[in-house]
2 protein chains.
Amino acid sequence: MAAARDVQQVLRGVGLRVTRPRVAVLTAVYAHPHADTDTIIGAVREDIPEVSHQAVYDSLRVLTAAGLVRRIQPSGSLARYEARVGDNHHHVVCRSCGVVEDVDCAVGEAPCLIASDDRGYTIDEAEVTFWGLCSGCSPLEVSERT
Amino acid sequence: MAAARDVQQVLRGVGLRVTRPRVAVLTAVYAHPHADTDTIIGAVREDIPEVSHQAVYDSLRVLTAAGLVRRIQPSGSLARYEARVGDNHHHVVCRSCGVVEDVDCAVGEAPCLIASDDRGYTIDEAEVTFWGLCSGCSPLEVSERT
DNA sequence: ACACAATCTTGACTGATTCAAGAAAGCAGG
DNA sequence: CCTGCTTTCTTGAATCAGTCAAGATTGTGT
């Protein structure tokens with residue numbers, strides 16, 4: 001947790017100014033993978049109680065643009081952020097409780113970046129989301145909600 | 001385009017009442033794959049000028065629940081709907097113009113339903129989105145926006 | 001054709017995210 | 001270390017897709 005220094009290095013490394021909100025936001029994203037914006041705002045406010053939500057939104061946008069965090073937004077959910085970038089992993093989302101977890105690429109390393117027919121697109125990312133029920137929400141037997 | 005009859009059959013087939021809005025909405029989704037809700041409302045109003053947006057939202061929800069249409073929502077975009085369901089195809093989204101197109105599953109038939117480690121989840125769907133630039137937006141050379 | 005239940009209309013509301021203007025803070029040069 | 005310019009943050013309002021609710025209308029089985 002002596003990461004404050006590291007976080008500053010990381011920010012400078014991508015050419016961003018080091019500000020208290022940015023450090024706190026990036027730290028919060030590291031500490032709370034898959035957290036939605038509200039959770040991140042809450043976490044940041046434990047460090048800097050009077051940050052504006054605007055500063056958090058702005059920091060998240062900047063960090064996303066810089067490639068330090070990734071924004072994921074499963075259908076019907078709020079935007080969530082994670083700091084694990086560049087390793088092409090994917091997500092499982094529980095339809096019931098909304099929890100998001102990481103899963104490694106099913107196919108291996110890069111193959112899932114390739115569509116069978118790219119239709120002339122220059123593809124730079126493949127985003128895979130598995131939908132289902134987590135072990136906690138999954139009933140022992142498949143039953144409708146009665 | 002003599003599909004009005006067929007659409008009615010389809011609706012009845014899944015146990016839904018046949019209403020003008022539903023027929024129009026389903027027809028619109030067939031006619032405009034990947035259209036957002038506003039576009040669908042517009043298309044429906046060519047048939048029934050005075051439909052409420054509420055009826056369209058409601059129809060879309062019901063049709064989605066019945067499995068007749070699929071809702072897709074790429075990060076940062078509005079909800080879009082398509083009528084091609086059950087064949088496990090995926091999408092390419094252009095980061096520049098936002099266009100969505102279908103691509104067949106890169107891996108084959110069902111394999112992409114399987115994560116390398118399912119973490120105890122009961123997975124029922126795998127959603128794959130390829131991000132990139134379409135041929136129209138793709139510059140001949142990779143250049144930053146100056 | 002009737003009656004019940006589902007569906008649609010109207011209109012207000014929510015809540016995440018964005019916009020805008022001015023104040024404050026970070027960074028580079030002296 | 002201090003100055004000045006630029007970026008970033010604060011405050012407060014606005015936007016906009018989507019939802020909620022109450023009452024009117026329509027679809028379906030009998």
Side-chain angles (χ1 to χ4, degrees), chain A residues 4-5 7-26 28 34-45 47-66 68-69 71-81 98, chain B residues 4-5 7-29 34-45 47-66 68-69 71-81 98:
Chain A
R5 262 289 151 68
V7 169
Q8 296 191 7
Q9 290 299 326
V10 171
L11 287 172
R12 283 186 216 282
V14 294
L16 292 179
R17 286 194 179 180
V18 177
T19 67
R20 280 182 117 314
R22 284 181 185 171
V23 173
V25 167
L26 189 48
H34 312 130
D36 58 37
T37 313
D38 252 17
T39 304
I40 293 170
I41 292 177
V44 169
R45 290 205 167 131
D47 258 331
I48 322 170
E50 64 304 328
V51 253
S52 59
H53 64 144
Q54 188 61 48
V56 176
Y57 275 106
D58 198 38
S59 299
L60 286 171
R61 187 167 340 118
V62 169
L63 295 173
T64 303
L68 296 181
V69 306
R71 176 185 175 134
I72 56 183
Q73 185 170 20
S75 301
S77 291
L78 304 182
R80 291 160 179 279
Y81 293 87
Chain B
R5 262 289 151 70
V7 168
Q8 296 191 6
Q9 290 299 326
V10 171
L11 288 171
R12 283 186 215 284
V14 294
L16 291 178
R17 286 197 179 179
V18 177
T19 67
R20 282 182 116 314
R22 285 181 185 170
V23 172
V25 167
L26 189 47
T27 305
V29 175
H34 313 130
D36 58 37
T37 314
D38 253 17
T39 304
I40 292 170
I41 291 177
V44 169
R45 290 207 167 130
D47 257 331
I48 323 170
E50 64 303 331
V51 254
S52 59
H53 64 143
Q54 188 61 47
V56 176
Y57 275 107
D58 199 38
S59 298
L60 286 171
R61 187 167 339 120
V62 169
L63 294 173
T64 303
L68 296 181
V69 306
R71 176 186 175 134
I72 55 182
Q73 185 170 19
S75 300
S77 291
L78 304 182
R80 291 160 180 280
Y81 293 88

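These numbers come from the heavy atoms of this one structure, side chains and all, not from hydrogens, waters or symmetry mates. None of these values were measured; they are calculated from a predicted model.
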Closest to the A/Q54 side chain, choosing from D/dT10, C/dA5, D/dC9: D/dT10
Nucleotide C/dA12, atom C1' - distance to NE2 of B/H53 in whole Å: 10 Å
Short side-chain N/O contact from B/T19 to OP1 or OP2 of C/dA6, under 4.0 Å: no
Closest non-hydrogen atom pair, A/S59 against A/R22: OG-CG, 3.6 Å
Distance, rounded to the nearest Å, where A/R17 contributes CZ and D/dT7 contributes C1': 4 Å
Presence of B/S59 side-chain N/O under 4.0 Å of C/dT7 phosphate oxygens OP1/OP2: no
C/dT7 phosphate, OP1 or OP2, under 4.0 Å from B/R22 side-chain N/O: yes
Heavy-atom closest pair, residues B/R17 and B/L11: O-CD1, 4.5 Å
Residue whose nearest DNA chain D nucleotide is more 5′ - B/L78 or B/V18: B/L78
Between P of C/dT10 and CD1 of B/I41, the distance in whole Å: 14 Å
Whole-Å gap separating C1' (C/dT7) and CG (B/L63): 13 Å
Smallest separation among heavy atoms of A/Y81 and A/T64, with atom names: CE2-OG1, 3.6 Å
Touch class at under 4.0 angstrom, heavy-atom based, for B/V51 against every strand present: sugar-phosphate
Nearest heavy-atom neighbours spanning A/A28 and A/I40: CB-CG2, 4.3 Å
Distance, rounded to the nearest Å, where B/D36 contributes CG and D/dG18 contributes P: 8 Å
Distance test, side-chain N/O of B/R20 to OP1/OP2 of D/dT25, below 4.0 Å: no
Distance, rounded to the nearest Å, where A/R12 contributes CZ and C/dG26 contributes C1': 9 Å
Most 5' of B/L16 and A/A79 on DNA chain C, judged by nearest nucleotide: B/L16
For the student: nearest non-hydrogen atoms of A/A24 and A/I48, plus distance: CB-CD1, 3.9 Å
Spacing of A/D38 atom CG relative to C/dT14 atom P, expressed in whole Å: 17 Å
Whole-Å gap separating P (C/dT7) and CZ (B/R61): 12 Å
